[in-house]
Amino acid sequence: MRIFQPTISGSTSTTGSLTITGSINVSEGITGSLFGTSSWAINALTASFVNNLNQNLSITGAVILSGSSLPELQVIGETQFTGSVSSLNGFTGSLFGTSSWATNALTASLANGNLLTASVNLNTITFTKGDGSTFPITVNTGSGGGGGSVTINNNIDGYLVTATGTSNTLDGESGLTFDGTTLTVGGNAVITAIDVRDDPSTTIGEYAVGSHIARDWPAAGGPSLTAGDIVYFSGSSHWAAAVASATGSSTRVLGVVTSNTDPNEIVLQGTVTINTDLATYQVGQPVYLNPNQAGRVTNIPPTTSGQIARYVGWVVNTSRDQIYFNPDFTWIQI
């Protein structure tokens with residue numbers, strides 16, 4: 001018996017059952033609703049239909065979403081992937097639940113259009129959105145395995161942290177603090193070597209590390225001070241601008257006012273930027289207390305009768321107005 005191959009050029013409506021034992025070749029695709037399972041449509045060129053599955057969907061192979069216009073995949077409920085999920089154009093829309101499966105994703109485009117990137121630093125993962133805002137997530141890996149959390153005892157802002165010898169435990173030191181500018185040692189400091197270098201600062205009153213400072217000498221009150229001026233410690237227990245015109249203002253203890261202009265912080269010895277223009281001076285040249293300008297130095301020893309010739313230091317850097325301040329304990333009255 002010969003079985004004919006029907007050719008359908010228009011629409012066909014079947015109200016009963018249709019059993020086909022051979023193959024169906026479709027050159028224009030299938031449109032309309034398909035009821036029941038669609039496993040028979042594996043070889044279909046295109047499938048334009050909506051199939052709502054109200055059961056659990058288990059995918060053990062790869063799910064590949066590709067093409068110039070990415071199709072929409074909507075999942076309501078729980079979806080488990082045991083294989084790989086590939087996306088050529090990234091993910092759009094909201095991602096609900098955990099996203100641990102996206103460990104290897106480079107970027108995730110959120111619903112608000114902001115690009116999300118991640119950086120890892122120790123136990124913290126910081127996410128940065130396209131608008132520049134960030135939010136960190138701290139990961140505590142526990143005490144087992146290769147990592148773990150770190151406990152800081154006495155954890156106070158500004159305290160320096162030292163090792164305790166105990167695994168994953170550190171101590172904040174109340175006697176060793178740093179505010180971003182000054183390192184303060186509350187106890188004894190054992191120093192095996194000090195390397196004092198020229199301070200590159202050009203701020204008047206700045207002094208090099210290792211300089212000797214007089215603190216808490218003056219009595220209450222006293223005249224206002226100018227940074228970089230040479231000052232003397234007066235009989236009234238105040239610092240005042242020194243001038244080599246008389247013994248009272250030039251033969252006592254000398255110092256230099258720091259940039260803080262604080263009477264409780266005076267440089268007694270060390271490299272310091274002074275309030276005198278040294279552009280015409282020479283490096284290594286000695287300088288003396290100026291007899292004509294209070295608080296200043298000169299490279300010419302006084303010669304006028306009654307003036308005081310007192311050496312106060314050497315020129316270190318002419319462009320920075322720096323001297324090594326080390327005043328002599330002796331003087332000569334002209």
Side-chain angles (χ1 to χ4, degrees), residues 189 191 193-199 201 203-278 280-318 320-334:
I191 302 174
I194 298 178
D195 185 7
V196 180
R197 299 178 181 271
D198 180 27
D199 186 356
S201 174
T203 302
I204 294 176
E206 288 293 331
Y207 54 91
V209 176
S211 300
H212 297 293
I213 308 294
R215 300 187 186 277
D216 303 324
W217 281 21
S224 60
L225 304 177
T226 302
D229 272 5
I230 311 298
V231 292
Y232 73 100
F233 198 55
S234 68
S236 59
S237 298
H238 294 139
W239 292 101
V243 59
S245 57
T247 57
S249 59
S250 60
T251 61
R252 301 175 184 269
V253 176
L254 298 181
V256 180
V257 182
T258 70
S259 59
N260 294 327
T261 62
D262 185 349
N264 293 299
E265 182 181 280
I266 302 295
V267 177
L268 297 179
Q269 182 187 31
T271 302
V272 62
T273 303
I274 61 173
N275 193 20
T276 301
D277 186 2
L278 304 180
T280 60
Y281 289 44
Q282 295 180 358
V283 173
Q285 187 178 31
V287 290
Y288 305 86
L289 192 61
N290 196 308
N292 301 314
Q293 290 181 291
R296 307 301 176 86
V297 301
T298 177
N299 58 352
I300 301 175
T303 57
T304 302
S305 176
Q307 294 180 345
I308 304 298
R310 186 173 182 182
Y311 158 85
V312 295
W314 293 279
V315 176
V316 173
N317 191 307
T318 58
R320 297 173 183 162
D321 297 333
Q322 289 179 327
I323 66 170
Y324 178 70
F325 184 73
N326 188 24
D328 199 343
F329 292 140
T330 61
W331 63 88
I332 298 175
Q333 186 173 20
I334 306 303

Check your understanding: Which pairs count as ring pair (Phe, Tyr, Trp, His ring centres under 6.0 Å) when at least one residue sits in residues 282-305, sequence neighbours excluded?
Key -> none

Point to revise | Residues which pass side-chain contact (heavy atoms from CB on, under 4.5 Å) with D277, listed by chain and number, not counting sequence neighbours | key: A279, D321

Point to revise | N290 CG to S250 OG distance, which is reported to the nearest 0.5 Å | key: 11.5 Å

Exercise for review: Check whether any side-chain heavy atom of I213 lies under 4.5 Å from a side-chain heavy atom of V267, and answer yes or no.
Suggested key: yes

Could you pull out every donor-acceptor pair under 3.5 Å between side chains of residues 217-229 and any protein atom, sequence neighbours left out?
residue : atom : partner : partner atom : Å
D229    : OD1  : N275    : ND2          : 3.1

Check your understanding: Who are the side-chain contact (heavy atoms from CB on, under 4.5 Å) partners of V315, not counting sequence neighbours?
Key -> L278, Y281, Q285, V287, T318

Do any side-chain atoms of residues 327-334 form donor-acceptor pairs under 3.5 angstrom with protein atoms, and if so which ones, sequence neighbours left out?
residue : atom : partner : partner atom : Å
D328    : OD1  : T330    : N            : 3.2
D328    : OD1  : T330    : OG1          : 3.3
D328    : OD2  : T330    : OG1          : 3.2

Exercise for review: Nearest 0.5 Å please: distance from the OH atom of Y207 over to the CD1 atom of I266.
Suggested key: 10.5 Å

Practice item. Report yes if the side chains of R310 and L254 come closer than 4.5 Å at any heavy-atom pair, otherwise no. Key: yes

Exercise for review: Please tell me if the side chains of F233 and H238 come closer than 4.5 Å, counting only heavy atoms from C-beta onward.
Suggested key: no

Review point. How about I308 and L289: do any of their side-chain heavy atoms sit closer than 4.5 Å?
Key: no

Point to revise | Residue pairs, two or more places apart or on separate chains, that pass salt bridge (Lys or Arg N to Asp or Glu O under 4.0 Å) and touch residues 253-270 | key: R215-E265

Exercise for review: Supply the atom-to-atom distance Q322 CD to N317 CG, rounded to the nearest 0.5 angstrom.
Suggested key: 5.5 Å

Practice item. Examine W239 together with Y232 and report whether their ring centres are nearer than 6.0 Å. Key: no

Exercise for review: State whether a side-chain donor-acceptor pair under 3.5 Å links E206 with T273.
Suggested key: no

